[in-house]
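Every chain is numbered from 1 and lettered A, B, ... according to where its sequence line falls, protein lines coming before strand lines. Please read all numbers here as calculations on a predicted model, not as lab measurements.
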2 protein chains.
Amino acid sequence: MTIWDLPTSGFKAFCHVARLVHEKSDVVPMIAEVFREFGYEGASLGRITERTGLGKGSLYHFFPGGKVEMAREILAHVDHWFVENVFRPLERDAPREAIEGMWAATADYFHSGRRICLVGAFALDETREPFASEIRIYFARWIKALRGAMARGGVDAREARLLAEAAVGGIQGALVLARAMNDPKLFTRRLVHMADEIDRALSAAKSPR
Amino acid sequence: MTIWDLPTSGFKAFCHVARLVHEKSDVVPMIAEVFREFGYEGASLGRITERTGLGKGSLYHFFPGGKVEMAREILAHVDHWFVENVFRPLERDAPREAIEGMWAATADYFHSGRRICLVGAFALDETREPFASEIRIYFARWIKALRGAMARGGVDAREARLLAEAAVGGIQGALVLARAMNDPKLFTRRLVHMADEIDRALSAAKSPR
DNA sequence: TCATTAGTGTACTGCTTGGTACAATACAAA
DNA sequence: TTTGTATTGTACCAAGCAGTACACTAATGA
């Protein structure tokens, strides 16, 4: 069997340069990047068209609900990534390894501080109120999953909450600072610092005095 | 001497309800609030007019440079507040008292997490690039002032830097989280937690083993 | 009182916005 | 090759956008 025997979708996935027609799945990340860079109001259909190469015809074919639906699907897409790569491991795996994995995934996802958090950016202004529920759920689950992992690792419940809020909030703040000062190293430094703090709490719990 | 003997500006300041004419100084904070709530792109002249009661005539009389000038003056206004109430005390006063004052001023300014940081919000998206320099200076000075205060308090230089970045970033992150989860208590809790950490470092420095 | 300045309201510009309609094309399967 | 569907380009719409022009009124100081 050669590549030519694959079903069309397989062929298209193989040599996607030749494709004349897009699929929704590969257009969502592109649109996500526009929202990330310009915010909800700033992400005009013009900019989205420019970035994706898709005209309004295609855009409204994929997202009949227009801009609001695009934003909603993109948030869901981001949420799904974090559920698979961060939240579920934290909820399921061994605490130390899961938390270690969280730091790695986070550093990777945010391009070491060069890329901002779309959900965090959306949280900040009023015009994105339609997505308030999705935004709340995202952060709540992150904090809860991290808290849970620490608790399973023997950390006191109250301290686990404080540290989880510090970590999730700290990541958001580090993204703001790294971007404001144009200094990705600040982001990395903060991540290491926070990882150390949680590590210390876990170690103290495992060998109580 | 009665209120009637005051110069007109004094009278206007006294019974400002009766004023038919605005002054730039009392319109800047109103516009700031619109930018804070809707972001740069979302803060349309229509919304600004609605909020301030000022028509385009007045708006362009005060800010001939239009929206960009408004944003610039508002950033300067915010920066000035922080210089007076946070940065200068940190740079000048006794470390413990100055840092204590910073937490109080911060909690107050951000309405215990119900109000976001305009500079932080501006930092996040691309359309505000014209203000990149002001934004960088604001955060850099805050971190440097806090670092300096801790160093004066005897904290090791490296630790002072980590803690200062943690605090300033932590405030930004706490604002994102508090707003995302609609939970001002989270903001207060984070502030207390961060204050404790710095307190501990200062205490450890004052009584070295 | 009167001239000057500071502040205001309104009507207008040209452009961009999000959104719609629909005919034309690309594609997959039979 | 034909047929039905998925995708796309284009022209169009009303509303809103930032910004301009200018006549107007309010406040000030002489």
Side-chain angles (χ1 to χ4, degrees), chain A residues 3-28 30-31 34-35 38-74 127-128 130-131, chain B residues 4-28 30-31 34-35 38-74 127-128 130:
Chain A
I3 182 69
W4 306 105
D5 302 319
L6 287 171
T8 316
S9 62
F11 170 75
K12 289 199 299 188
F14 178 76
C15 61
H16 50 268
V17 176
R19 244 184 306 175
L20 296 176
V21 165
H22 293 79
E23 280 168 32
K24 195 170 174 176
S25 63
D26 52 34
V27 100
V28 165
M30 293 193 222
I31 301 179
V34 181
F35 276 97
F38 298 98
Y40 182 81
E41 300 265 2
S44 68
L45 294 189
R47 280 184 175 133
I48 293 170
T49 289
E50 184 186 13
R51 186 71 61 94
T52 59
L54 263 67
K56 290 192 179 178
S58 309
L59 250 24
Y60 276 83
H61 172 71
F62 289 130
F63 309 95
K67 205 175 161 180
V68 174
E69 189 179 334
M70 292 181 210
R72 205 173 290 282
E73 288 217 30
I74 283 159
T127 51
R128 293 123 184 193
F131 319 112
Chain B
W4 306 105
D5 301 319
L6 288 170
T8 315
S9 62
F11 170 75
K12 288 199 298 186
F14 178 75
C15 60
H16 50 269
V17 176
R19 243 184 307 175
L20 295 176
V21 165
H22 293 78
E23 278 168 33
K24 197 170 174 175
S25 62
D26 52 34
V27 101
V28 164
M30 293 193 224
I31 301 179
V34 180
F35 276 96
F38 297 98
Y40 183 81
E41 300 265 2
S44 69
L45 294 190
R47 279 181 175 136
I48 294 171
T49 289
E50 184 186 13
R51 187 69 62 93
T52 58
L54 262 69
K56 291 193 176 176
S58 307
L59 249 25
Y60 277 83
H61 172 70
F62 289 130
F63 309 97
K67 205 174 159 178
V68 174
E69 189 179 333
M70 290 180 212
R72 205 173 290 283
E73 287 218 29
I74 282 159
T127 51
R128 293 122 183 194

Between P of D:dA27 and NZ of B:Lys24, the distance in whole Å: 20 Å

Distance in Å, A:His22 NE2 paired with A:Phe62 CZ, rounded so as to fall on 0.5 Å steps: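 One finds 8.0 Å between NE2 of A:His22 and CZ of A:Phe62.
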
Nucleotide D:dG16, atom P - distance to CD1 of B:Ile48 in whole Å: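 Going from B:Ile48 (CD1) to D:dG16 (P), I get 16 Å.
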
Length of the NE2-P vector between A:His22 and C:dC27, whole Å: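 Distance, rounded to whole Å: 12 Å.
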
Out of D:dT8, D:dA18, C:dT17, whichever nucleotide has its closest atom nearest the side chain of B:Leu45: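 The answer is D:dA18.
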
Under the side chain to side chain contact (heavy atoms under 4.5 Å, CB included) test, residues paired with A:Ala71 that sit two or more places apart: A:Phe35, A:Tyr40, A:Phe122, A:Phe131

Integer-rounded Å distance: D:dC17 P and B:Phe38 CZ: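 The answer, rounded to whole Å, is 11 Å.
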
Check: B:Phe63 and B:Ile74 side chains under 4.5 Å, non-hydrogen atoms: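 No, too far: nothing below the 4.5 Å cut-off.
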
Pairs of donor and acceptor atoms involving the side chains of residues 45-55 of chain B, under 3.5 Å and at least two apart or interchain, shall be tabulated with distances.
| unit_1 | atom_1 | unit_2 | atom_2 | d |
| --- | --- | --- | --- | --- |
| B:Arg47 | NH1 | B:Gly42 | O | 2.7 |
| B:Thr49 | OG1 | B:Leu45 | O | 3.0 |
| B:Thr49 | OG1 | B:Leu54 | O | 3.2 |
| B:Arg51 | NH1 | B:Glu37 | OE2 | 3.3 |
| B:Arg51 | NH2 | B:Glu37 | OE1 | 3.0 |
| B:Thr52 | OG1 | B:Ile48 | O | 2.7 |
| B:Thr52 | OG1 | B:Leu54 | N | 3.1 |

Axis-to-axis angle between the two ends of the helix from C:dT1-D:dA30 to C:dA30-D:dT1 (five base pairs per end, rounded to 10 degrees):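 Rounded to the nearest 10 degrees, the bend comes out at 20°.
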
Proximity to the side chain of B:His61 - top-ranked nucleotide from C:dA6, C:dG18, D:dG19: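 Nearest nucleotide to the side chain: C:dA6.
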
Between C1' of C:dT17 and CD of A:Glu50, the distance in whole Å: 15 Å

Between the protein and nucleotides 9-12 of chain C, are there any N/O to N/O pairs under 3.5 Å, and if so, what are the atom names and distances?
none

Spacing between A:Phe63 atom CZ and C:dG18 atom P, to the nearest angstrom: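 Nearest whole value for this atom pair: 14 Å.
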
Residue pairs passing the side-chain hydrogen bond (donor to acceptor under 3.5 Å, both in side chains) test where at least one lies in residues 53-73 of chain B, sequence neighbours excluded: B:Lys24-B:Glu73, B:Arg72-B:Glu134

Distance in angstrom units between B:Leu59 CG and C:dT8 P, rounded: 10 Å

For atom NZ of A:Lys67 and atom C1' of C:dT16, their distance in whole Å: 12 Å

Sugar-phosphate, base or nothing in reach of B:Phe62, heavy atoms under 4.0 Å: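 Touches sugar-phosphate only.
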
